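The structure under discussion appears below in the form of structure tokens.
Quick caveat, the model's predicted, so the values are computed rather than measured. In what follows, residues are counted from 1 in the order of the sequence shown.
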Amino acid sequence: MKLKQGLTIFLWVGIAIGIMVGCYSGLPQDKIEPISVHSQPQITPSPALISPQLKTIDRPQLWSHIQALVGERSRESDREWVRNYLIKQLELSNFSPSLQSFDQGVNIVAEHPGSNPQAGVILLAAHYDTVPNSPGADDNASGVAVILEIARLLAQKNSPRTLKIVFFDQEEVGLLGSFAFTEKPENLINLQAAIILDMVGYACHVAGCQTYPSGIAVTPLLEAAGIEFPDRGEFLTVVGEVQNLALLKVFQLVDQSLRKSARFPPLVSLPIPLKGLATPDVLRSDHAPFWYQEIPAVLITDTANLRSPHYHQPSDTIANLDPNFFEGSAEIIYNVVYQLMNYQTIELKPTN
């Protein structure tokens, strides 16, 4: 996950607007007007959630995926090995994965059909490549491992919605895999929401280790999420669009239902206006192409370089993951996806 090069003209227009509003200018910070998102979107009365699924993740299995995946994955030969591993693991979970090749890479796609074709599709995705010279434990073996475990668990259940698993290639060189995927209309048929995982295994627990991007008023969001120490990186951020609050609402509901359990990291929902045009720093992962296609999508992340000194470094190793945070992240993300697969009383896509 990094600020990508070679994106669409739309993204470059966004960056230009970001420059004009001062996001990347040399203006003093007190002269920059932050985007005001006020607070987390309000939760309106709704039916109770399905009972939370506690103690579901197979922790040894989760770590075995990390062990298998960690290593530089920028060369084609390395990514081919990883693809074979991912295909095998999906097949063990009774998926039938297919490959979607594009210029410079290959995406892996698999589905678990739902019981109600009218209920739509929930997409769960992560990129499997790395930058050169980084083993990519957090970026993004952590996201891939969590998805493999969630796929295994949900394949054992009969849900109304269809689950689509996608592992994107070449995210680190310009979101190439996710752009290639979203440019095919057949991939977006009946798609209700896309959940993108990009770095979910690193936490920091000392004062000042967590920083924030300029241009966004984050303090009200942190307060609404009950974050006691804003300068410590002990939470997951969920980046979504302000016009798709129904999707962020599910994350809030799950977070509040599990808030009493200390082993689950808090979720901080960040609703972004204008498709990130004024804050291009939030367009740094595979959720962005879905936004351009008007698909509700969120990025779940530990905030990458805003927290981790190991970001894109040779030190992004298993030893530098936070075990409790990583396992808790897997549990709470599973709970959110489980709700999305079954909780049909929330309409995820706004109707025209």
Side-chain angles (χ1 to χ4, degrees), residues 1-2 54-73 126-128 130-131 134-150 153 195-213 218 221-222 225-239 251 254-255 258-270 284-285 298-337:
M1 174 174 158
K2 67 177 183 178
L54 302 177
K55 298 182 179 179
T56 52
I57 297 297
D58 185 330
R59 287 164 173 75
Q61 185 67 47
L62 192 66
W63 287 102
S64 73
H65 293 318
I66 290 286
Q67 292 279 356
L69 293 166
V70 166
E72 184 179 340
R73 304 182 295 280
H127 75 88
Y128 64 89
T130 69
V131 296
S134 177
D138 193 27
D139 188 11
N140 186 31
S142 63
V144 172
V146 170
I147 288 180
L148 285 174
E149 179 60 6
I150 291 176
L153 291 168
I195 313 301
I196 310 300
L197 310 189
D198 198 350
M199 305 181 66
V200 294
Y202 184 81
C204 63
H205 308 285
V206 297
C209 66
Q210 178 70 55
T211 61
Y212 300 93
V218 297
L221 303 173
L222 298 170
I227 303 301
E228 186 176 359
F229 302 106
D231 61 346
R232 301 180 189 179
E234 300 171 324
F235 55 87
L236 284 172
T237 298
V238 185
V239 183
F251 285 85
V254 172
D255 180 49
L258 299 175
R259 182 78 55 94
K260 294 180 181 179
S261 179
R263 62 193 181 90
F264 296 109
L267 298 176
V268 176
S269 295
L270 181 59
R284 295 170 51 183
S285 193
V298 296
L299 168 67
I300 307 177
T301 180
D302 59 24
T303 76
N305 57 299
L306 296 173
R307 175 183 303 180
S308 176
H310 311 294
Y311 173 72
H312 285 178
Q313 300 299 314
S315 57
D316 185 7
T317 62
I318 293 176
N320 285 319
L321 295 179
D322 185 300
N324 291 331
F325 181 86
F326 177 46
E327 294 171 4
S329 295
E331 290 278 10
I332 198 166
I333 293 169
Y334 170 73
N335 268 275
V336 171
V337 177

Flag the pair [X] / [Y] as yes when at least one side-chain heavy-atom distance between them is below 4.5 Å, and no otherwise.
| X | Y | answer |
| --- | --- | --- |
| I332 | D255 | yes |
| L222 | F235 | yes |
| S308 | D302 | no |

### Query
Going through the distances and angles, do S142 and N140 end up as a side chain to side chain contact (heavy atoms under 4.5 Å, CB included)?
CA-CA 5 Å; S142 63; N140 186 31; 3.9 Å; yes
### Query
Stepwise, does the side chain to side chain contact (heavy atoms under 4.5 Å, CB included) test hold for I300 with I333?
CA-CA 9 Å; I300 307 177; I333 293 169; 4.1 Å; yes
Spacing of [X] atom [atom1] and [Y] atom [atom2] [to the nearest 0.5 Å]:
| X | Y | atom1 | atom2 | result |
| --- | --- | --- | --- | --- |
| H310 | N305 | NE2 | CG | 13.0 Å |
| R284 | T301 | CZ | OG1 | 8.5 Å |
| D138 | N320 | CG | CG | 9.5 Å |
| Q67 | L62 | CD | CG | 11.0 Å |
| D231 | C204 | CG | SG | 8.5 Å |
| S64 | E149 | OG | CD | 8.5 Å |

Residue pair [X] / [Y]: nearest heavy atoms and the distance that separates them:
| X | Y | result |
| --- | --- | --- |
| P323 | W63 | CA-CZ2, 3.7 Å |
| H65 | A145 | CB-CB, 3.7 Å |
| V146 | A330 | CG2-CB, 3.9 Å |
| I66 | A137 | CD1-O, 4.2 Å |
| A225 | P266 | O-CB, 4.5 Å |
| L267 | F251 | CD1-O, 3.7 Å |

For [Y], is there any backbone N or O sitting under 3.5 Å from a side-chain donor or acceptor partner on [X]?
| X | Y | value |
| --- | --- | --- |
| Y212 | P230 | yes |
| S285 | D198 | no |
| S134 | Q313 | yes |

### Query
Looking just at side-chain N and O atoms, do H127 and D139 make a donor-acceptor pair shorter than 3.5 Å?
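There is such a pair between these side chains.
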### Query
side chain to side chain donor-acceptor pair (under 3.5 Å) between R232 and Q210: does it pass, once the steps are laid out?
CA-CA 5 Å; R232 301 180 189 179; Q210 178 70 55; over 6 Å; no
### Message
Would R59 and E331 count as a salt bridge (charged side-chain N to carboxylate O under 4.0 Å, His left out) here? Give the steps.
### Response
CA-CA 10 Å; R59 287 164 173 75; E331 290 278 10; 3.3 Å; yes
